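One structure is given here, and the rest of the page talks about it.
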Amino acid sequence: MLDIQTLRKDLDAVTARLAHRSFALDAAAFQALEAERKAVQTRTEDLQAKKNRYAKEFGFAKSKGEPTDGIAGRIYGEGVNPDAVLKQSEEELKGIQARMSEFLLSVPNVPHESVPVGKSADDNVEVRKVGTPKKFDFPARDHVDIGEGLKGLDFDTAAKIAGARFTLMKGPIARLHRALAQFMLDTHTTEHGYTEVYTPYLVNADSMRGTGQLPKFEQDLFAVQHNDSKMYLIPTAEVPVTNIVRDVIVPIEELPLKFVCHTPCFRSEAGSYGRDTRGMIRQHQFDKVELVQIIHPEYSYEGLDQLTGHAEAILKKLELPFRTVTLCTGDMGFSAAKTYDIEVWLPGQNAYREISSCSNFEGFQARRMQARYRDDKGKPQTVHTLNGSGLAVGRTLVAVLENYQRADGNVDVPTVLQAYMGGLKVIEPPKI
RNA sequence: GGAGAGGUGGCAGAGUGGUCGAAUGCGCCAGACUCGAAAUCUGGUUUAGUCUCAAUGGCUAACGUGGGUUCGAAUCCCACCCUCUCCGCCA
């Protein structure tokens with residue numbers, strides 16, 4: 001949610017910057033609504049003030065045993081039904097405020113000035129490239145062939161159990177998946193200063209609204225009915241973790257809060273039919289290790305660079321080639337002010353594919369969820385929120401399988417993971 | 001699932017129809033005292049919104065949430081949500 005004060009003051013500038021991300025802000029509608037709000041709010045509060053004055057004088061007169069007949073006429077004038085007028089005015093104001101809030105919730109974040117202007121992923125700007133894609137002296141297979149050859153990935157059985165876009169892992173590949181998550185958590189907690197958290201995987205609507213999934217993107221979520229309300233399966237740990245600070249004033253000396261969290265993520269993938277249907281690139285359920293920072297606004301861009309570096313560190317330790325790009329204005333998510341995508345090299349696709357997305361939301365999420373700190377004058381101020389994948393575990397597994405494959409169809413275990421694999425150095429098919 | 005207790009400011013905790021945005025204590029901030037600190041004393045200290053001629057200004061709202069009664073609700077009534085304790089069941 002944008003700051004309504006900014007909209008009032010710099011409506012034209014905001015409209016112009018939102019246009020870069022192909023969002024047409026209806027400035028006229030906003031101004032009309034704002035004018036209406038002002039008129040109705042002033043009138044309503046005036047009526048409320050009269051009502052308060054009336055009650056006060058009434059009580060005062062009563063206590064002194066004076067008559068109370070003349071009071072209403074003196075305050076309200078003759079011939080009006082103050083209750084009905086007030087009630088109607090309050091209803092009207094409520095309606096306007098609801099419309100205003102709906103309007104504000106539907107406006108995406110304003111891109112930071114450093115974000116390149118562009119229309120699509122083609123306009124993203126590469127900031128660095130690390131490692132060189134390995135040349136294989138045999139035709140590189142993709143993770144599906146590798147995993148099925150090792151009897152460790154089974155998409156048919158997953159489809160039987162659940163449907164399309166699910167994976168069943170077995171044996172050393174299942175263990176490799178687990179090892180990756182452990183390795184990531186350990187690295188971020190022991191080397192990057194994050195606190196590990198475990199959270200609910202089902203959350204309420206307030207939490208989804210706080211991080212921006214609701215109200216606009218309900219179709220991307222899985223939901224379950226619970227009692228009379230809906231609960232949502234988290235599409236990323238960003239949701240429960242960032243909502244830790246919803247309605248909280250964080251002591252300034254505790255900033256930045258740095259959390260790391262490993263969860264499954266559930267996404268309906270509505271609207272992505274036919275895209276990435278092969279393998280485990282795009283799943284309804286996948287594991288991710290998420291980094292979240294709650295940070296002082298002054299340091300949030302510094303923090304974003306650091307957080308992106310923390311995610312990249314995992315790829316470096318795994319010796320996987322990657323590149324990092326800055327998303328252009330047209331390719332960014334709804335809530336982000338700036339996003340870096342980290343893309344890992346996948347020999348099976350002969351392409352770099354997204355494995356992490358690191359964003360600064362500035363105050364966009366924090367305003368929605370009233371997450372604040374106190375400035376040196378003691379006034380509550382909105383914090384900034386950051387998050388990034390550190391990393392998507394399923395896609396990292398894909399990258400390891402494809403980059404560490406051998407001519408015989410087996411897969412070398414990256415050095416840093418061997419301890420997590422009980423010393424195993426090579427993944428081979430089961431003996432029997 | 002059954003029985004009970006409770007949800008009030010950063011925290012603890014009073015307040016059961018009026019001048020209560022809310023006692024008191026703790027915490028925090030400023031000042032006094034002090035060489036300095038502690039102790040003590042004095043003052044301040046919820047949040048959100050809004051108006052205007054922008055001030056040491058006015059007004060509105062908020063005591064879990066939503067409704068109701070009333071001139072007037074933290075306080076009374078109804079519904080719901082949440083937390084805690086005990087019993088049962090259960091990974």
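Bear in mind the structure is a predicted one, so any value in this text is a computation, not a measurement. Per chain, numbering begins at 1; letters A, B, ... match sequence-line order.
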A:N52 side chain near B:G72 phosphate (N/O to OP1/OP2, under 4.0 Å): no

Separation between the P atoms of B:G21 and B:G58, rounded to whole Å: 15 Å

Whole-Å P distance, B:G64 and B:A12: 14 Å

Same-atom distance (P) from B:U45 to B:U52, integer angstrom: 27 Å

Euclidean distance for P, B:C80 against B:G4 (whole angstrom): 16 Å

From CZ (A:F103) to CZ (A:R99), nearest 0.5 Å: 11.5 Å

Sub-4.5 Å side-chain heavy-atom contact between A:V344 and A:L391: no

Sugar-phosphate, base or nothing in reach of A:K62, heavy atoms under 4.0 Å: nothing

Heavy-atom side-chain contact between A:F155 and A:F166 under 4.5 Å: no

Inter-nucleotide P distance (B:A23, B:G6), Å rounded: 23 Å

Separation of atom CD1 in A:I252 from atom P in B:C29, rounded to whole Å: 14 Å

Sugar-phosphate only, base, or nothing, as touched by A:K50 at under 4.0 Å among non-hydrogen atoms: nothing

Spacing of CG belonging to A:N109 relative to CZ belonging to A:F361, to within rounding of 0.5 Å: 9.0 Å

Residues in contact with RNA chain B, drawn from residues 362-369 of chain A - heavy-atom cutoff 4.0 Å: none

Nucleotide B:C59, atom C1' - distance to CZ of A:R43 in whole Å: 16 Å

Base paired to B:A3 (Watson-Crick or G-U; both N/O distances under 3.5 angstrom): B:U85

Of all pairs that satisfy ring-ring contact (aromatic ring centres under 6.0 Å, His included), the ones with a partner from residues 229-268 of chain A, not counting sequence neighbours: none

B:G72 to B:G57 separation - P atoms, rounded to the nearest Å: 30 Å

Under 3.5 Å on both distances, the Watson-Crick or G-U partner of B:A14: none

Sequence-aligned protein contact record of nucleotides 44-51 of chain B, with B where the base is within under 4.0 Å of a protein heavy atom and S where only the sugar-phosphate is: ---SSBSS

Aromatic plane relationship, A:Y194 with A:H192 - under 30° parallel, 30 to 60° tilted, over 60° perpendicular: perpendicular

Distance below 4.0 Å between A:K87 side-chain N/O and B:G68 OP1 or OP2: yes

Within 6.0 angstrom of A:E102 CD, more than 12 heavy atoms from elsewhere: no

Pairing partner of B:U42 (Watson-Crick or G-U wobble, both distances under 3.5 Å): B:A30

For atom CG of A:L86 and atom P of B:U60, their distance in whole Å: 12 Å

Side chain to side chain, A:D287 and A:H177, heavy atoms closer than 4.5 Å: yes

Length of the CD1-C1' vector between A:I96 and B:A61, whole Å: 17 Å

B:G67 versus B:U83 - spacing of their P atoms, nearest Å: 23 Å

Atom-pair distance (CD on A:E90; P on B:G67), nearest Å: 10 Å

Atom-to-atom span, CZ of A:R53 to P of B:G58 - whole angstrom: 15 Å

Centroid-centroid under 6.0 Å between A:H284 and A:F222 rings: yes

Distance in angstrom units between A:D247 CG and B:A62 P, rounded: 18 Å

Atom pair CG/CD of A:N360 and A:E302 - distance to nearest 0.5 Å: 11.5 Å

Ring centre gap for A:Y301 and A:H112 strictly below 6.0 Å: yes

Interatomic distance at P, B:U65 relative to B:U70, whole Å: 23 Å

